[in-house]
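Scroll down for the structure; my scribbles are underneath it.
Remember, predicted model here, so these are calculated numbers, not experimental data.
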Amino acid sequence: FLAAVGAQADTDLTDGVQGLGSALTAIDVTGVRERLAGFDLVGVVPYEQTGARLLGLRGITSIAGRDQGMDTHQLLAIDGNLERLVGLVDPAAAAEPGAGACGGLGWVVLALGGRLVSGTQMLGDRVALQTLATAADLVVTGCTSFDFATRGGGAVTAVARAAEEAMTPCLAIAGEVLIGSREMRTMGIEAAYPVPGVGGGDPRGAVTEAASRVARSWSW
């Protein structure tokens with residue numbers, strides 16, 4: 001990506017991090033930063049990667065490498081090459097949350113003066129989620145699976161947070177609900193309802209029926 005936007009280096013930047021090694025001793029991104037001046041550079045990354053680390057034991061090389069069965073020597077070498085690149089451009093950005101998102105692309109965005117958001121954060125800003133939650137009597141969100149591990153994903157988290165700040169009750173409708181009422185209330189969700197038959201031949205009808213049932217039980 002750095003090469004594509006015009007960064008100049010004394011080695012080939014398109015050969016992957018394994019190809020950098022000791023060959024990389026200088027890289028210039030001045031021209032790139034000048035061209036981006038005045039622009040709001042935003043990297044939209046998956047919600048679950050907004051806190052991803054770039055380097056070290058919890059960095060992208062360590063996590064991906066161990067999953068692929070790479071040996072320790074190779075992992076350290078690759079991480080070292082990445083650290084060399086980072087040190088020549090912007091080492092401070094490498095410590096920021098999300099720097100490891102999308103294979104390290106998050107760090108590039110941060111190093112070029114940009115910022116990172118999840119898709120739900122961007123959507124929330126554009127649709128004035130907080131304003132909508134304040135004006136509503138009841139907020140309803142949804143997901144495929146509502147469990148303790150994923151907590152419904154970024155959309156549920158963002159909607160629940162907006163509802164909580166607006167002091168508006170928030171419900172969740174999900175394909176399956178695998179979390180207890182106590183846990184969901186710590187997340188700002190008053191109650192969650194499963195959708196029977198959502199995996200069948202009429203998922204839209206199943207969701208409509210579940211939503212109608214919830215509406216009847218929460219009317220006042």
Connected via hydrophobic side-chain network under 4.5 Å: [X] and [Y]:
X      : Y      : value
Leu82  : Leu105 : yes
Val214 : Met184 : no
Val5   : Leu88  : yes
Phe146 : Val140 : no
Leu138 : Met187 : no

Q | Beyond-backbone contact of Ser145 with Glu176, side-chain heavy atoms, under 4.5 angstrom | A |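 Heavy-atom side-chain distance check passes, below 4.5 Å.
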Q. Do Leu116 and Glu96 have side-chain heavy atoms sitting under 4.5 Å apart?
A.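 The answer is no; the side chains never approach within 4.5 Å.
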Taking all non-hydrogen atoms of both residues into account, name the closest pair between [X] and [Y] and its distance.
X      : Y      : result
Ala210 : Val195 : CB-CG2, 3.9 Å
Arg213 : Pro196 : NH2-CD, 4.2 Å
Ala94  : Trp107 : N-CD1, 3.5 Å
Thr61  : Leu75  : O-CD2, 3.4 Å

Distance, nearest 0.5 Å, that separates [atom1] of [X] from [atom2] of [Y]:
X      : Y      : atom1 : atom2 : answer
Glu164 : Arg185 : CD    : CZ    : 13.0 Å
Glu183 : Leu178 : CD    : CG    : 12.0 Å
Leu171 : Ile189 : CG    : CD1   : 7.5 Å

With a cut-off of 3.5 Å and sequence neighbours excluded, list every side-chain donor-acceptor pair involving residues 37-60.
from: Asp40; atom 1: OD1; to: Arg115; atom 2: NE; distance (Å): 3.2
from: Asp40; atom 1: OD2; to: Arg115; atom 2: NH2; distance (Å): 2.9
from: Gln49; atom 1: OE1; to: Cys102; atom 2: N; distance (Å): 2.7
from: Thr50; atom 1: OG1; to: Tyr47; atom 2: O; distance (Å): 2.8

Donor-acceptor pairs under 3.5 Å, side chain of residues 23-32 to any protein atom, not counting sequence neighbours: which ones?
from: Thr25; atom 1: OG1; to: Asp10; atom 2: OD2; distance (Å): 2.2
from: Asp28; atom 1: OD1; to: Thr30; atom 2: N; distance (Å): 2.9
from: Asp28; atom 1: OD1; to: Thr30; atom 2: OG1; distance (Å): 2.7

Q) Would you say the side-chain atoms of Arg66 and Ser62 include a donor-acceptor pair closer than 3.5 Å? A)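 Yes, because at least one side-chain N or O of Arg66 sits under 3.5 Å from a partner of the opposite role on Ser62.
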Q) Can Asp90 and Leu110 be said to form a side-chain contact (heavy atoms from CB on, under 4.5 Å), step by step? A) CA-CA 9 Å; Asp90 190 340; Leu110 293 170; over 6 Å; no
Report, one line per pair, each donor and acceptor closer than 3.5 Å where one atom sits in a side chain of residues 149-160; sequence neighbours left out.
from: Thr150; atom 1: OG1; to: Asp147; atom 2: OD1; distance (Å): 2.7
from: Thr150; atom 1: OG1; to: Gly152; atom 2: N; distance (Å): 3.4
from: Thr157; atom 1: OG1; to: Gly153; atom 2: O; distance (Å): 3.1

